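Below is one structure, written out as structure tokens; the observations come after it.
All figures in this text were calculated on a predicted structure; none of them were measured in a lab.
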Amino acid sequence: MSAPPTTPADGAVIVRLRATGRGWFRTLPPVPGGRILTVTVGRAELLPVPTEELLDRGYRLVGVAVEHRPIGPTVDVLVPPELREEEPAWWAGFAPLAERVFDLRMGPVRQVLAAEIDVHLRHTEA
């Protein structure tokens, strides 16, 4: 098993979705191709969720975005560029659900979201 990446793939994005209550995971569209995407929540009150149901949809919960500074009632999903390219229909249905899409090629975005990106990358299968 190789070490996790230390920087996001060129073209990776974090998709931020509004979350209302602990049923937020049901709003996530299933990830195609047996892929697993990492998810952080903006505040601990959005937990717990049934991890098996989340995994069945193609997502793995990796923690709270920033423990010491809750972001809010949101869920962030790290989406690699190849998934968007290989599954344009999935991306076309997922992207409009977003409150925001953060392009991780942008230095200021990487700086502001550094701690959260690190959480995602530590749990990404290389």
Side-chain angles (χ1 to χ4, degrees):
M1 182 173 211
S2 57
T6 56
T7 59
D10 188 36
V13 296
I14 285 186
V15 177
R16 179 163 290 167
L17 306 155
R18 177 71 47 200
T20 55
R22 292 185 181 146
W24 57 263
F25 67 95
R26 290 183 190 98
T27 66
L28 298 175
V31 180
R35 291 184 172 99
I36 302 293
L37 301 181
T38 55
V39 177
T40 56
V41 294
R43 58 172 29 146
E45 293 81 21
L46 295 171
L47 301 174
V49 296
T51 55
E52 283 304 314
E53 287 184 53
L54 192 60
L55 275 171
D56 287 346
R57 298 180 83 76
Y59 302 89
R60 181 182 324 115
L61 181 65
V62 296
V64 177
V66 183
E67 291 279 352
H68 66 280
R69 188 188 67 206
I71 294 173
T74 60
V75 173
D76 288 353
V77 180
L78 178 63
V79 180
E82 62 273 6
L83 179 58
R84 294 193 327 270
E85 293 164 8
E86 295 168 11
E87 301 289 349
W90 175 83
W91 178 245
F94 187 60
L97 302 174
E99 184 175 273
R100 295 185 80 170
V101 176
F102 297 100
D103 185 340
L104 301 185
R105 291 176 292 195
M106 308 300 288
V109 169
R110 284 205 325 254
Q111 183 177 17
V112 170
L113 298 178
E116 181 178 358
I117 293 167
D118 184 56
V119 170
H120 282 275
L121 294 179
R122 281 186 281 130
H123 294 90
T124 298
E125 296 173 5

CD/E116 to CG/L78 distance, rounded to the nearest 0.5 angstrom? 9.0 Å
What about V119 and L121, same hydrophobic cluster or not, with Ile/Leu/Val/Met/Phe/Trp/Tyr joined at side-chain heavy-atom distances under 4.5 Å? no
Kindly determine whether L83 and R35 satisfy side chain to side chain contact (heavy atoms under 4.5 Å, CB included), including the steps that lead there. CA-CA 9 Å; L83 179 58; R35 291 184 172 99; 3.2 Å; yes
Check whether any side-chain heavy atom of V101 lies under 4.5 Å from a side-chain heavy atom of I14, and answer yes or no. no
Quick one: pull up OG1 in T7 and CZ in R105 and give me the separation to the nearest 0.5 Å. 13.5 Å
Sort out for me which residue in T74, V39, L28, D76 forms a side chain to side chain contact (heavy atoms under 4.5 Å, CB included) with L17. L28
Heavy atoms only: give me the nearest L46-G72 pair and the separation to one decimal. CD1-O, 4.3 Å
Any heavy-atom pair between the side chains of L61 and V41 that's under 4.5 Å? yes
Within one Ile-Leu-Val-Met-Phe-Trp-Tyr cluster: V62 and V49, side-chain cutoff 4.5 Å: no
Please examine the side chains of R22 and E45, heavy atoms only from C-beta on, and report whether any two atoms are closer than 4.5 Å. no
Using the test side-chain hydrogen bond (donor to acceptor under 3.5 Å, both in side chains), find all partners of E53 that sit at least two apart in sequence or belong to another chain. none
Just by distance, no angles: are the side chains of H120 and T38 close enough, under 3.5 Å, to form a donor-acceptor pair? yes
Side chains of I71 and R16: does their closest heavy-atom pair fall under 4.5 Å? yes
How many angstroms lie between atom CZ of F25 and atom OG1 of T51, to the nearest 0.5 angstrom? 10.0 Å
Does P8 offer a backbone N or O that forms a donor-acceptor pair with the side chain of R110 under 3.5 Å? no
For the residue pair P32 and E87, what are the closest heavy atoms and their distance? CG-CG, 3.5 Å
Return the set of residues passing side chain to side chain contact (heavy atoms under 4.5 Å, CB included) with P29 (not counting sequence neighbours), or none when no residue passes. Y59, W90, F94, L97
Would you say the side chain of R57 lies within less than 4.5 Å of the side chain of V31, judging by non-hydrogen atoms? no
I need the R100 CZ to R18 CZ distance, nearest 0.5 Å. 11.5 Å
Are any non-hydrogen side-chain atoms of T27 and T20 less than 4.5 angstrom apart? no
Beyond-backbone contact of R43 with V64, side-chain heavy atoms, under 4.5 angstrom: no
Contact between L104 and V13 at the side-chain level, heavy atoms closer than 4.5 Å - yes or no? no
Could you pull out the closest heavy-atom pair between A9 and P81, with the gap in Å? CB-CD, 4.0 Å
Donor-acceptor pair, R122 side chain versus I117 backbone, under 3.5 Å? no
